[in-house]
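First comes the structure, then the notes that go with it.
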Amino acid sequence: MRRQCALACAAVLTLIASLLVAASPAQAAVGLRVSGRNIVEANGSVFVIRGTSHAHTWYTTQTSSIANIKAKGANAVRVVLSGGRWPANGPSDVANVISLCKASKLICILENHDTTGFGEQSGSVSLDAAVDYWISLQSVLTGEENNVIINIGNEPIGNNAVTPGWTQATSAAIQRMRTAGFQHLLMVDAPNWGQDWSFTMRDNATTVAAADPQRNTVFSVHMYGVFDTAAEITSYLNAFQTAGLPLVIGEFGFNHSDGNPDEDTIMAEAEARGIGYLGWSWSGNGGGVEYLDQVTNFNPNQLTSWGTRLFNGANGIASTAEECTMCGGGTPPVDTTPPTTPGTPTASSVTATGATLSWTASTDSGGSGLAGYNVYRSNGTQLGTSTTNSLALTGLTPSTAYTVYVRARDGAGNLSANSSSVTFTTSAAPSDTTAPTTPGTPTVSGVTSSGASLSWTASTDSGGSGLAGYNVYRSNGTQLATTTTNSVTLTGLTASTAYTVYVRARDGAGNLSANSSSVTFTTTGGTSGGCTATGTVQSQWGNGYVVQPVTVTNGTTARTSWTVTFTLPSGHTLSGSWNANVSVSGQTVTATNMGYNGALGSGASTSFGFQVSRPNGNTATVTSYTCA
């Protein structure tokens, strides 16, 4: 697609959407799930998403927006989160967001914004890194399957080709989420900044849907300038409808810098087809797209023309949204009927430390849906759980007899009767003295004052005990972290410090590989006193660029205001800014806080952004900032 779309999408925050349409029913899904071309709740009620996005990661104090969005008639809100590309939203923050959504009886669509424009935009991360973020939040997400949809990564690929491509990267991310135990309804965004002008998602959605063992994934397209005619909109929606695949319009607006989307057709077709939509966005837009604000300065009593159209216009949210029944819109039936008894398990691929079990699946008629299975040893010890009718057991003791049985569970927690038992004996432990191959040289991204993300080419293991994971060391031999995958996020580092690190692979027998080649990086400045400011070039083109965010981090003493100064390179001029009061003297720019983001506690952060014009072909950008 055209370059301007990338720039425009980058300059705005970004929204995602959620809705429905879906492939084959997911028997093992819990809570919200795909059924045919619909999203349904655990009690079978069809749920059609009608809502908007809230840029929480940049405006964490604007939590009243969730209730205000509900008051305008929405039944869902898409919440922008970050794992560290912008101020990170940790477990306690996300748990509070979910609680506020539940209190307002809104379905909470959580999206990781860090992936925006991967392969084209500086600072963006891969879908694999996004899954790491969701795993870090798993403790507060588990059990919220009735209330939460996980949008794995916002606009995960720009217009540039990346390896692995969208199909492979999205499939792998879904499978990692399921392997980690997530049973939530998953949402995946299209490439090309969400607009799929190359039809990569449209033409490969069947493959991606099949990669989800629960068949519980919906696809999200963002409709801006690419979708400026009724013919383009209906053609795209028809393709998914004909294929029987789930689709939602995850973001759209009434205008955009890359063209004028046909919002009337988008909303009318979504209503006629039972497809969910999410407008972009409640408030806080900058970088020249302030017109996409639906209310002014987060004030619910100041609807803009776009907000009036989205909420109160024809086929708008207020007239078409129906509240979720499992979050207060009705009284769900009580399920006291357990699933049927699973078939007798069979054991295969028995090794010294593991075995694979499979059994005939159970069914559930109580209404809450089949959620999965628990596998027990004859003494009642639970060996594992599965969402499908098979399970690979690991961590068993060599040369030991195991008698096991299975119980099915439903979404209400009812357990079936015990299946018949099967007995198998693990083999003797192999003698593995072969170390794994050496990992690839680590690469570094997302460096902050206290952390950094590392990734490397994976090792292989041929000794028999299997690759168990990796240890990450500093050059002096100090172990910094361990991980079971070929990436890790380091935390607790010292500010303004050079780190030289390497990686060693380990196998199940404890053998360690040779050291990988080392990589050196330096953490950013700390916040022991005063404040610091660091800027990220979000996007750039021949005669301009956008810096978003400039993160202002306070030191140890609380403050009520801040001032950041920086120097524009020769020939550069400031063409726009947001979330700060800005003045220019020659090439020196002074940015001071707005009324709502000046107060910072110890170690707290806020951010602002700006856009610069420069001579065509000039590649310089602002590189340093001073905070006081």
Side-chain angles (χ1 to χ4, degrees), residues 13-20 30-33 39-43 45 47-83 89-113 133-134 137-152 154 182-187 218 220 248 250-251 276-284 294-295 298 300 310-311 317-318 320-330 332 411:
L13 309 178
T14 202
L15 154 328
I16 170 189
S18 108
L19 180 258
L20 43 135
V30 171
L32 291 159
R33 69 195 71 173
I39 287 174
V40 299
E41 299 181 64
N43 62 6
S45 299
F47 181 75
V48 180
I49 293 169
R50 289 286 183 268
T52 188
S53 291
H54 171 52
H56 175 73
T57 194
W58 297 288
Y59 301 100
T60 52
T61 61
Q62 297 290 344
T63 51
S64 61
S65 293
I66 292 176
N68 292 336
I69 288 168
K70 171 65 177 183
K72 296 299 181 188
N75 63 16
V77 59
R78 184 173 179 247
V79 181
V80 179
L81 302 177
S82 174
N89 306 105
S92 60
D93 182 19
V94 174
N96 183 55
V97 167
I98 296 172
S99 175
L100 292 172
C101 288
K102 291 165 68 175
S104 290
K105 300 178 183 177
L106 288 169
I107 293 299
C108 199
I109 302 162
L110 303 177
E111 64 104 331
N112 185 342
H113 216 71
Y133 174 61
W134 294 118
L137 298 176
Q138 193 162 10
S139 62
V140 299
L141 296 174
T142 300
E144 299 293 353
E145 292 84 359
N146 283 332
N147 307 291
V148 171
I149 297 170
I150 298 176
N151 184 186
I152 299 177
N154 180 71
F182 287 94
Q183 298 187 56
H184 301 71
L185 177 63
L186 301 179
M187 183 180 295
V218 299
S220 170
V248 329
E251 284 186 28
Y277 66 66
L278 294 158
W280 181 271
S281 78
W282 181 246
S283 197
Q294 293 153 11
V295 300
F298 294 94
L310 178 69
F311 286 99
I317 290 172
T320 64
E322 295 185 13
E323 190 175 80
C324 46
T325 63
M326 296 289 284
C327 63

Note, [X] side chain near [Y] side chain (heavy atom, < 4.5 Å):
X    : Y    : value
L110 : L141 : yes
V79  : C108 : yes
T61  : F298 : no
V48  : E322 : no
V295 : S283 : yes
N43  : M326 : yes
Y277 : T320 : yes

Could you check whether any side-chain N or O of [X] sits under 3.5 Å from a backbone N or O of [Y], counting only pairs where one atom can act as donor and the other as acceptor?
X    : Y    : value
Y59  : G284 : yes
E41  : T325 : yes
T142 : Q138 : yes
T57  : V80  : no
W282 : T52  : no

request  = State, to 0.1 Å, how close A74 and G51 come at their nearest heavy-atom pair, and which atoms those are.
outcome  =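 Shortest heavy-atom contact: CB-CA, 3.9 Å.
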key: Closest non-hydrogen atom pair between Y133 and N112, with its separation   = CD2-ND2, 3.3 Å
Rounded distance (nearest 0.5 Å) linking atom [atom1] of [X] with atom [atom2] of [Y]:
X    : Y    : atom1 : atom2 : value
N89  : N96  : CG    : CG    : 11.0 Å
E145 : I150 : CD    : CD1   : 8.5 Å
S45  : L32  : OG    : CG    : 10.5 Å
L278 : I109 : CG    : CD1   : 4.5 Å
E144 : K102 : CD    : NZ    : 3.5 Å

ask   = So does K70 pair up with E323, basic N to acidic O under 4.0 Å?
value =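 Salt bridge: yes.
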request  = Verify side chain to side chain contact (heavy atoms under 4.5 Å, CB included) between N147 and C101, making sure each step is shown before the conclusion.
outcome  = CA-CA 8 Å; N147 307 291; C101 288; over 6 Å; no
message = With side chain to side chain contact (heavy atoms under 4.5 Å, CB included) as the criterion, how do V97 and I66 come out once you've worked through the C-alpha distance, each side chain's angles and the decisive distance to 0.1 Å?
response = CA-CA 8 Å; V97 167; I66 292 176; 4.2 Å; yes
request  = Identify which one of N146, I149, V148 satisfies the side-chain contact (heavy atoms from CB on, under 4.5 Å) criterion when paired with H184.
outcome  = V148
query = Given the rule in the side chain to side chain contact (heavy atoms under 4.5 Å, CB included) test, do N75 and I107 qualify, once you have shown the distances and angles that lead to the verdict?
reply = CA-CA 6 Å; N75 63 16; I107 293 299; over 6 Å; no
